[in-house]
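Everything below concerns the one structure shown next.
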Amino acid sequence: MTSNSHPDSTIKLYDLHPPLDDFRTEVLQGLQKPQKAIPAKFLYDKRGAELFDAICTLEEYYLTRTEIAILEDRATEIAELVGNGILIEFGSGSSQKVRILLDAMPYATTYVALDISRQHLLESCASLAEAHPGLEVIAICADYTQPLDLPEILSIKDKHRVAFFPGSSIGNLEPKEVVQFLKNTAALLQSNGSLLIGVDLKKSKDILEPAYDDSQGISAAFALNLLTRINRELGADFDLEQFGYRAFYNPVGRIEMYIVSLKNQVVHLDGVEIPFRQDETLRTEHSYKYTVPEFQALATLAGFQPKCVWTDPQQLFSLHYLRLL
Ligand SMILES: C[S@@+](CC[C@H](N)C(=O)[O-])C[C@H]1O[C@@H](n2cnc3c(N)ncnc32)[C@H](O)[C@@H]1O
């Protein structure tokens with residue numbers, strides 16, 4: 001682990017970014033499976049993070065504005081529940097939503113932002129630190145699906161630790177991975193910790209599908225940027241003109257997102273030939289949707305006790321507050 005202070009700010013950076021070889025290994029393995037699939041965490045290089053931010057502003061992408069509205073409505077109530085705890089945000093991205101909480105918590109002392117996208121993380125933390133001069137801001141560049149050992153945070157004794165996980169990013173994990181992730185989170189929080197987590201609700205596919213395949217093609221550009229990243233960082237030769245994008249709701253309870261080969265073709269990576277048939281798909285993401293009781297049942301398996309849950313009037317999105325038992 002490397003730790004240093006970011007120039008021009010009070011940010012402390014812990015750089016646990018997975019090495020390039022891990023990216024190479026996971027991409028090669030994923031491209032050689034019968035159903036080609038690459039983990040969603042690799043979508044977020046600098047360009048990917050920018051495209052995701054653009055998705056958040058789309059009319060079709062109801063998730064961001066709905067979660068923000070719930071946070072704004074409930075900020076005072078949440079601040080009372082959180083007390084003077086330290087906020088640890090997973091997948092912090094632009095750190096936009098946490099600002100709503102911090103504005104309701106003028107006494108907050110420490111904010112820990114954790115994200116795999118290093119540059120975006122640093123830029124977001126720098127901007128947040130500027131807006132909150134008294135706040136200690138700790139940036140951790142890491143993969144949150146791996147168990148984390150964070151000595152800096154663990155040295156902050158006697159503080160209630162609150163994990164904040166907005167954006168329904170939990171939906172990118174398979175349900176069995178959700179329980180393991182929540183158990184890892186529980187271990188990090190220790191016995192008096194709590195979790196504030198945004199979870200997208202099940203709803204009509206007429207609302208869900210456009211959210212993940214918008215009319216301007218930004219969701220498609222976001223997925224296809226993964227191929228550009230693999231070409232640039234790993235030296236592959238994907239021809240971007242020969243791939244498309246598709247997203248649909250599978251009634252098991254998830255949106256499935258795929259890059260689609262537009263013809264029979266062969267891609268080369270590290271001396272390996274990767275054949276694609278016409279219409280063959282490469283999965284980039286699953287996004288699971290949960291009813292309130294379904295998500296509470298998963299969280300309970302990981303040792304969390306549901307305390308409060310807030311939804312919007314249209315029942316599009318849920319925000320759960322859970323405490324460790
Ligand atoms: C769906 S975006 C959500 C961003 C923001 N929290 C929001 O609510 O709008 C997911 C964020 O999590 C980060 N991320 C995705 N997978 C990750 C992983 N395995 N470890 C750490 N960060 C990850 C991405 O870089 C991105 O910033």
Side-chain angles (χ1 to χ4, degrees), residues 1-17 67-68 71-72 74-144 146-167 169 181-182 184-198 304 307 319-324:
M1 178 192 300
T2 59
S3 153
N4 51 51
S5 291
H6 190 248
D8 306 327
S9 79
T10 52
I11 302 168
K12 190 168 225 183
L13 168 69
Y14 286 88
D15 196 351
L16 297 144
H17 191 276
E67 188 176 32
I68 286 177
L71 281 166
E72 284 175 345
R74 303 295 181 168
T76 312
E77 204 177 326
I78 294 168
E80 274 166 22
L81 289 165
V82 169
N84 68 348
I86 63 165
L87 281 174
I88 307 167
E89 182 171 2
F90 290 85
S92 48
S94 297
S95 290
Q96 186 197 3
K97 293 169 185 166
V98 78
R99 288 174 184 244
I100 302 165
L101 298 179
L102 289 170
D103 286 346
M105 297 169 62
Y107 42 78
T109 56
T110 308
Y111 167 60
V112 181
L114 193 151
D115 203 288
I116 201 163
S117 186
R118 190 194 292 114
Q119 194 169 343
H120 199 55
L121 171 73
L122 278 173
E123 285 167 10
S124 305
C125 283
S127 154
L128 187 106
E130 211 178 306
H132 293 269
L135 188 71
E136 180 185 26
V137 179
I138 299 172
I140 300 171
C141 181
D143 178 352
Y144 58 56
Q146 303 303 313
L148 294 163
D149 177 18
L150 305 174
E152 180 77 12
I153 298 170
L154 299 181
S155 74
I156 303 171
K157 298 276 184 233
D158 306 325
K159 284 255 184 180
H160 174 200
R161 294 176 192 166
V162 185
F164 180 43
F165 196 26
S169 299
F181 170 81
L182 293 178
N184 293 345
T185 304
L188 187 76
L189 293 174
Q190 298 184 334
S191 54
N192 71 343
S194 57
L195 171 65
L196 181 66
I197 183 165
F304 284 94
K307 285 288 173 195
L319 183 67
H320 294 250
Y321 183 75
L322 308 113
R323 283 202 76 125
L324 284 171

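Nothing fancy with the numbering, it's 1 onward along the sequence. Values in this document were obtained by computation on a predicted structure and should not be read as measured data.
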### Task
Ignoring hydrogens and angles, tell me if any N or O in the side chain of Glu67 forms a donor-acceptor pair with the backbone of Gly167 under 3.5 Å.
yes
### Query
Checking side-chain contact (heavy atoms from CB on, under 4.5 Å) for the pair Leu87/Met105: CA distance, chi angles, key distance, verdict?
CA-CA 11 Å; Leu87 281 174; Met105 297 169 62; 4.2 Å; yes
### Summary
When rounded to the nearest 0.5 Å, the distance separating CG of Leu135 from OG1 of Thr110 is 7.0 Å
### Query
Among Ile140, Leu121, Asp143, whose side chain to side chain contact (heavy atoms under 4.5 Å, CB included) with Ile116 holds?
Asp143
### Query
Roughly how far, to the nearest 0.5 Å, is the CG atom of Leu196 from the CD1 atom of Ile88?
12.5 Å
### Over all atoms of both residues, closest heavy-atom pair of Ala108 and Leu102
CB-CD2, 3.9 Å
### Message
Tell me the closest heavy-atom pair linking Leu189 and Ala163, and the distance in Å.
### Response
CD2-N, 3.7 Å
### Task
Could you please spell out the steps behind the side-chain contact (heavy atoms from CB on, under 4.5 Å) verdict for Arg161 and Leu188?
CA-CA 9 Å; Arg161 294 176 192 166; Leu188 187 76; 5.8 Å; no
### Message
Among residues at least two apart in sequence or on other chains, which ones pass salt bridge (charged side-chain N to carboxylate O under 4.0 Å, His left out) with Arg99?
### Response
none
### Task
Determine whether more than 12 heavy atoms belonging to other residues, nucleotides or ligands lie under 6.0 Å from atom CD of Glu77.
yes
### Message
Between Leu101 and Arg74, is the side-chain contact (heavy atoms from CB on, under 4.5 Å) condition met? List the steps.
### Response
CA-CA 9 Å; Leu101 298 179; Arg74 303 295 181 168; over 6 Å; no
### Query
So, for Ser94 and Ser124, which heavy atoms are closest and what is the spacing to 0.1 Å?
CA-OG, 3.3 Å
### Task
Grab the two heavy atoms, one from His160 and one from Leu81, that are nearest each other, plus how far apart they are.
CE1-O, 3.9 Å
### Summary
Applying ring-ring contact (aromatic ring centres under 6.0 Å, His included) to Phe181 and not counting sequence neighbours gives Phe90, Tyr144, Phe165
### Summary
Residues at least two apart in sequence or cross-chain that pass salt bridge (charged side-chain N to carboxylate O under 4.0 Å, His left out) with Glu89, listed by chain then number, are none
#### Entry: Shortest non-hydrogen contact from Cys125 toward Ala113
SG-CB, 3.6 Å
### Query
Where is the tightest heavy-atom contact between Leu128 and Val98, given as atom of each residue plus distance?
CD1-CG1, 3.9 Å
### Rounded distance [0.5 Å steps], OG in Ser194 versus CG in Leu324
8.0 Å
### Message
Could you measure the distance from the OG1 atom of Thr109 to the CD atom of Glu136? Nearest 0.5 Å is fine.
### Response
7.0 Å
### Task
Please tell me if the side chains of Leu182 and Leu322 come closer than 4.5 Å, counting only heavy atoms from C-beta onward.
no
### Query
Taking the side chain from Arg323 and the backbone from Asn192, do they hold a donor-acceptor pair closer than 3.5 Å?
yes
### Check against side-chain contact (heavy atoms from CB on, under 4.5 Å), Phe164 and Ile78
CA-CA 11 Å; Phe164 180 43; Ile78 294 168; over 6 Å; no
### Task
Look up atom OG in Ser95 and atom CD in Glu123, then write down how far apart they are to the nearest 0.5 Å.
11.5 Å
#### Entry: Pairwise distance OH(Tyr111) to CD1(Ile86) - rounded to 0.5 angstrom
12.0 Å
